[in-house]
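Take a look at the structure set out below.
So you know, we letter chains A, B, ... as the sequences are listed, proteins then strands, and number each from 1.
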Protein chains: 2
Amino acid sequence: MPKRVDHGERRKLIADALMRVAAERGLEAVSLRHVAAEAGVSSGMVQHYFRTKDEMMTFALAVVRERSEARVTRAVAALGDDPSPRTLLRTMLAELLPLDEARQADGRVALAFLAYTAVRPEVAAGLHRETAELLAFIAGQIRAAQAAGAAQARVDPGRAAVALLAVMEGLGVYLLGGHYPPETALAALDAQLDLLLGAAPPAQRGRAVPPRRPPKP
Amino acid sequence: MPKRVDHGERRKLIADALMRVAAERGLEAVSLRHVAAEAGVSSGMVQHYFRTKDEMMTFALAVVRERSEARVTRAVAALGDDPSPRTLLRTMLAELLPLDEARQADGRVALAFLAYTAVRPEVAAGLHRETAELLAFIAGQIRAAQAAGAAQARVDPGRAAVALLAVMEGLGVYLLGGHYPPETALAALDAQLDLLLGAAPPAQRGRAVPPRRPPKP
DNA sequence: GCGTTTACGTTGCAACTGCAATGCAAACGG
DNA sequence: CCGTTTGCATTGCAGTTGCAACGTAAACGC
């Protein structure tokens, strides 16, 4: 049977198991054996695909990032051709918020990794590039809104972009901590966009609220 | 020699060592023996003052929170009698940002604890109360600014407070990740306050920037 | 056919973990 | 003076960790 396996697929399978463990019991519960058990494979196999634990962690981190990026591009693509800057920004940022259980799990993992990379700075290089790109994009959208007359022209797009992205990140953190419900976060995000770009078109308000799962029986 | 010791003092000494370990090597490196070694005591003594590791962690978390609270009240007290809402908010939030090494260390610990409590929700109750109080206070300040005519009257103080606190938290996270320098974070914070309360009095701008330590030799 | 490579599974090990148990000396209460 | 309490150090233990080593069986190259 050997030789017929897709290397990347196996690695992703293992990384998925890792994230399930991390989301449920925290990053410190991630061990070779736990991950292997969660994935339903032997710990030898995990070692076969990741020579070291750190390699596994780094790969898993990349998977989380790719997944959230895919989510965003998918949501943005669903908007159709050139949506308004406001719609675009709101869709992107709301998509990045941990509003349902899937994104909450991812968010927990991302948060844990954040704390992880805060001590291991050499892993964080990819993250830096990503935020820089995001910031540039957001700033561009704000500029576009200003050019269209939809936004206060006096605000510096660069600083506003930093603040806007920070709002999203902060809301995510507080959501993960359970400090307030998703609606509060979305309301605050909309308020921020109002502040930046002027009042919203009413049809836009309150959309994209995720379905609340009923409490577990 | 026994009997002559201040219980709380010892616990704080141990908690300090814990935070040094956590700040340097991450929360997962926090073990009874490491903390004891860092504190320069025997691991038996650590066990004497904290019957379980979780008790030690919880205590340390409380210490971080108290310390940052003390920092804020101290900075606010230094402002003199009834400062303007804007000055008050800016001082508070800037003080909570990890702008120098001491606060960065605290911030790393806080971030790690955040990830820790995201999986252990029963520890997070104290945090919820604290954010609720903070939010109420911030909303009150915004309302006061509105009443004084210094702010846009149309913004909802509650939502603006959530957004403002989220900005601070998000900026802190990105700072800890080293995604941008302190000046960028402060600029974004000021931009946010501008957006909320109107342009700042020029004397205020750019103050409270921490001294940049020269790179280590 | 046969060596090589790939894909695992198993075992073992040294290091580390939290924690209980025990020991002991100093202060204090009586 | 003596038992008790307090403050701490040492030791031990069962469990877990990352990882190396080894074994094996199947596909492939020749």
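- Ala75(A) meets the side chain to side chain contact (heavy atoms under 4.5 Å, CB included) test with Thr91(A), Glu95(A); sequence neighbours excluded.
- We find that CZ of Arg51(B) is positioned 16 Å from C1' of dG7(D), with the value rounded to whole Å.
- Distances were taken from every side-chain heavy atom of His7(A) (C-beta onward) to each of dA7(C), dG9(C), dG18(D); the shortest belongs to dA7(C).
- A heavy-atom distance below 4.0 Å to DNA chain D is reached by these residues of residues 23-42 of chain A, ordered by number: Val30(A), Ser31(A), Leu32(A), Arg33(A), His34(A).
- With the nearest nucleotide of DNA chain D identified for both Gln47(B) and Lys53(A), Gln47(B) has the one nearer the 5' end.
- Atom-to-atom, CG of Leu13(B) to P of dG7(D) comes out at 15 Å; the value is rounded to the nearest Å.
- Two residues are said to be in side-chain contact when any heavy atoms from C-beta on lie closer than 4.5 Å; Gln192(A) and Val162(B) fail this criterion.
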Show me the side-chain donor-acceptor pairs of residues 17-30 of chain A shorter than 3.5 Å, one per line, residues at least two apart or across chains.
| from | atom 1 | to | atom 2 | distance (Å) |
| --- | --- | --- | --- | --- |
| Arg20(A) | NH1 | Glu38(A) | OE2 | 2.8 |
| Glu28(A) | OE2 | Arg120(B) | NH2 | 2.9 |

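- If you measure from atom CG of Asp6(A) to atom P of dA7(C), you get 10 Å, rounded to the nearest angstrom.
- Following rounding to the nearest Å, Met45(A) (CE) and dT10(C) (P) show an atom-to-atom distance of 13 Å.
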Distance-only check: which donor-acceptor pairs under 3.5 Å involve side-chain atoms of residues 170-182 of chain B, not counting sequence neighbours?
| from | atom 1 | to | atom 2 | distance (Å) |
| --- | --- | --- | --- | --- |
| Tyr174(B) | OH | Glu169(A) | OE1 | 2.8 |
| His179(B) | ND1 | Tyr174(B) | O | 3.3 |

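- Residues passing the side chain to side chain contact (heavy atoms under 4.5 Å, CB included) test with Arg129(B) are Glu133(B), sequence neighbours excluded.
- Between the C1' atom of dG18(D) and the CE atom of Met57(A) lies a distance of 12 Å, rounded to the nearest Å.
- Distances shorter than 4.0 Å separate some side-chain N or O of Thr52(A) from OP1 or OP2 on dC19(D).
- Counting only residues at least two apart or in different chains, side-chain hydrogen bond (donor to acceptor under 3.5 Å, both in side chains) contacts with residues 106-118 of chain A comprise Asp54(A)-Tyr116(A), Arg67(A)-Asp106(A), Arg71(A)-Asp106(A).
- Regarding Met56(A), its CE atom lies at a distance of 11 Å from the P atom of dT17(D), rounded to whole Å.
- Remark: P of dA9(D) and NE2 of His48(B) are 10 Å apart, rounded to the nearest angstrom.
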